[in-house]
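The structure appears below as structure tokens.
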Amino acid sequence: MSRLITEMLKEEMKKVLAVDFPGVVEEKEISIESTRDRNHGDFATNLAFILSRKVKKSPRELATKLQASLAQNLGNFARVEVAGGGFVNFFLQDEVLLSFISEVVEEGEDFGAVDLGKGKKTQVEFVSVNPTGPLHVGHGKCAAFGDSLSRILKKAGFQVEKEYYVNDAGRQIDLLGASLEARFRQILGEKAEIPEDGYQGDYLISMAEKLLQEKGREILDLPPAERLKVFRTFAVQEILNDIRQDLDDFRVHFDVWFRESSLYQKGEVEEILSLLKERGYTYTKGSALWLRTTDWGDDKDRVLVRENGLPTYFASDIAYHWNKWKRGFQLVIDIWGADHHGYIPRMYAAMQALGLPQDFLEMFIVQFVTLLRGGQPERMSTRQGEFVPLRQLLDEVGADVARYYFLMRDPATHLEFDIEEAKKQSMDNPVYYVQYAHARVSSLFKEAEKRGFTPLSQIGAWSDFPSEEEREIVKKIAYFPETVKRSALLRQPYLICNYLQDLCGDFHSFYNLYRIIDENNPELTSFRLNLCRVVQIVLKNAFQLLGISAPDNM
RNA sequence: GCGCCCGUAGCUCAAUCGGAUAGAGCGACGGCCUCCGGAGCCGUAGGCUGGAGGUUCAAAUCCUCUCGGGCGCGCCA
């Protein structure tokens, strides 16, 4: 586990508070933040303002008192100052920051790991697209988000499983099977029509040809129920294979592919219906069965079993989540497309009806993607971006660029993705900016070796930094574990992207400002090579969290 | 009509979930390689944070209202 500077400061504050102001502030009220202005130190706390409200003294006076006690406790860790109307600022000692250099080298790929999750058994379910057609760009955004979030949660100490829910039951799948059958018959010269609301896509034609080759025309002789099942199963399997291939090329791999049909086969839908009835949250109206979701704030009650006797998707989804609970997950995260957001209240209500803990299920909505090309919408309407296949985007810009673009923003906001911009290899394209920093260090090491320097040599007896720029870089390095923690806590991968932009900005500036390899000054060279090495390790670890590659040359 | 998301530089977005002088990139303009990768760096210009109130030591951030945009509101999944 990596050290968290803010935690260390917080511990000291707790000690001081226990002595000077026992019982006045709660732990969650203690906040440490990094400062924007170097003159305000490296970190600051607003604790004096909080105290001021409680003990009715001036913030400035309280800050002074805190400063005195903290200065005693923190001695060789940080210098403590009072500033402004009552801020307490911390100036980290250089030795503390310097100690991070060897720490990062030592921890290597583990640097940045924190124990926020404490092994909590967690499931992230995402994409879960109906197996009725290929993945689109919008699904790609969900995939990137779910996958990266899973990686981040793992790094933060959660035990994570990634799951894809296959909706292979219900009307849409029946329609898919019937559509395939129509294509199958058309190939054989019959005048079959694709059902109304069926699937018109050409991909069913080639699929029908494949089916004909594999099973022959004899399947048409099967009894209707069996026949439809053959078409249905074949179509689902074929499409699922394509989806799996797309995800594979997008570097998204699932631990479990869970089939909706298994819930019916094992009677789990029936089971959940009796359970909800037993708990008294259902009623019958007409001949349909309803769940009283309005008890937990939904706009209206929802149907569980239709008048025709078939359970709704909602019913099987409740069974699915009950199944997750029975599998022992303590935290379940669902990631859905924006068109599902009206679904949240009823799902939340269902969890309540089952008596599950409030924090068991978290639902995230991923907003749409608008694809642009040179500033113009890719197709006629803004929504059209959704219907561009993910495959096409991958072919054009590659997995690294696509993933980074999807991840660099809060998924809850609309994303404008300009393909032309993404294809440029310049600062227009933030992926290259961060990967370039990594490649630069790699090539620097080659050069250094040529000249007889090895980056692994001792840091040397540095007790302070050769330059302010280097101090700033190490400070950012030391802040990486905090970034991981925060990113996991807020479920926001984009914070990692922001961090990378920031770190790489500092690194590129440093690189342009100073010469790193200097034959006349081997000691300084050694220090700087190690600094670069540490930057490279952190970049690589951060890239891993985003699922993008760490190129040695570009 | 109701609900959710979002309005920050010309454009795309940050701002460490209430902190100190609101920051980056792109675009515009001007500079930097005899030397470790110029896919880079440095500088200039650009803002009443959509608008109006309120809460407090402190508001882009929280509350109310309002204006503008997106998406939902099936016994589809």
Side-chain angles (χ1 to χ4, degrees), chain A residues 6 31-37 39-40 44-46 48-49 52-53 58-60 83-87 89 130 132 167 169-173 175 197 260 286-290 299-300 302-308 310-314 316-317 337-345 365 367-368 370 372 375 382-383 408-410 412-416 418 421 424-430 432-433 435-437 439-440 442-448 450-451 479 482-483 486 489-490 492 494-495 498-499 501-502 504-505 508-518 525 528-529 532 553-554:
Chain A
T6 54
S31 87
I32 309 271
E33 52 206 35
S34 53
T35 53
R36 198 170 290 161
D37 186 336
N39 295 320
H40 299 148
T45 181
N46 62 348
F49 293 106
S52 159
R53 194 162 48 237
S58 87
R60 183 86 198 183
F87 287 99
N89 295 335
N130 292 352
T132 53
N167 300 128
R171 204 175 84 92
Q172 294 305 316
I173 298 300
L175 271 174
D197 306 332
E260 182 187 5
S287 50
L289 183 71
W290 294 70
D299 309 342
K300 52 186 189 178
R302 306 291 170 176
V303 174
L304 290 169
V305 181
R306 306 179 184 109
E307 293 198 338
N308 64 13
L310 294 174
T312 58
Y313 176 80
F314 181 44
S316 67
D317 210 18
D339 49 340
H340 281 64
H341 84 242
Y343 198 72
I344 291 178
I365 289 302
Q367 289 292 341
F368 290 116
T370 305
L372 302 174
T382 49
R383 280 287 309 275
M408 64 193 277
R409 308 274 179 244
D410 179 349
T413 63
H414 298 262
L415 175 71
E416 302 217 353
D418 195 313
E421 186 184 287
K424 284 190 207 162
Q425 302 192 342
S426 72
M427 194 40 213
D428 293 356
N429 187 332
Y432 287 98
Y433 187 72
Q435 289 185 323
Y436 182 59
R440 227 177 192 180
S442 290
S443 121
L444 178 70
F445 285 168
K446 273 180 221 146
E447 185 64 28
K450 244 188 264 174
R451 304 195 198 178
Y479 203 67
E482 323 261 349
T483 307
R486 194 175 146 70
L489 197 63
L490 299 179
Q492 286 292 13
Y494 84 88
L495 295 172
N498 286 355
Y499 174 84
Q501 298 289 332
D502 207 20
C504 291
H508 286 310
S509 296
F510 161 72
Y511 186 89
N512 265 277
L513 201 54
Y514 299 104
R515 205 170 160 76
I516 289 161
I517 301 172
D518 180 358
T525 301
R528 288 189 164 151
L529 283 174
C532 291
N553 43 57
M554 298 169 66

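Throughout, a chain's letter reflects where its sequence line sits, starting with A, and its residues are numbered from 1.
At the phosphate of B:C42, OP1 or OP2 sits under 4.0 Å from a side-chain N or O atom of A:Ser509. The phosphate of B:G74 (OP1 or OP2) has no side-chain N or O of A:Arg306 nearer than 4.0 angstrom. The shortest distance between the side-chain N/O atoms of A:Arg486 and the OP1/OP2 oxygens of B:A15 is not below 4.0 Å. Listed pair A:Tyr433 / B:C41 meets the phosphate criterion, a side-chain N or O lying under 4.0 Å from OP1 or OP2. Dashed line: the shortest gap from a side-chain N or O of A:Tyr343 to OP1 or OP2 of B:C71 is not under 4.0 Å.
Using a 4.0 Å heavy-atom criterion, one finds that A:Ala288 contacts the bases of the nucleic acid, with or without backbone contacts as well. Residue contacts for A:Tyr514: at a heavy-atom cut-off of 4.0 Å it reaches a base atom on one of the strands shown. Using a 4.0 Å heavy-atom criterion, one finds that A:Ser34 contacts the bases of the nucleic acid, with or without backbone contacts as well. Counting any heavy atom pair closer than 4.0 Å across all strands shown, A:Arg515 reaches a base atom.
The nucleotide whose nearest atom lies closest to any side-chain atom of A:Asn512 is, among B:G40, B:A77, B:C36, B:G40. Here the side chain of A:His508 is nearest to one of B:C57, B:A77, B:G40, namely B:G40. Distances were taken from every side-chain heavy atom of A:Arg440 (C-beta onward) to each of B:G38, B:A14, B:A20; the shortest belongs to B:G38.
Within 90° of 0 lies the glycosidic angle of B:C33, which makes this nucleotide syn.
Using cut-offs of 30° and 60° on the angle between ring planes, the pair A:Tyr343 and A:Tyr313 is tilted.
Atom NE2 in A:His340 sits about 17 Å away from atom C1' in B:C5, given to the nearest Å. Distance A:Arg302 CZ to B:C76 P: 13 Å, rounded to the nearest Å.
Using a 5.5 Å limit on the distance between ring centres and a 30° limit on the angle between planes, the aromatic ring of A:Tyr313 does not count as stacked on the six-membered base ring of B:C76. Both thresholds, 5.5 Å between centres and 30° between ring planes, are met by A:Phe87 relative to the base of B:A20, so the two rings are stacked.
Nucleotides B:C36 and B:G27 have their C1' atoms positioned 32 Å apart, rounded to a whole Å. To the nearest whole angstrom, the two C1' atoms, one in B:G3 and one in B:C41, are 49 Å apart. Taking atom C1' in both B:A24 and B:G40, the straight-line distance is 16 Å, to the nearest Å.
The base of B:A15 does not come close enough to the side chain of A:Asp502 for any donor and acceptor atom to sit less than 3.5 Å apart.
Between A:Tyr514 and A:Arg528, the shortest heavy-atom distance links the atoms CD2-NH2, 3.6 Å.
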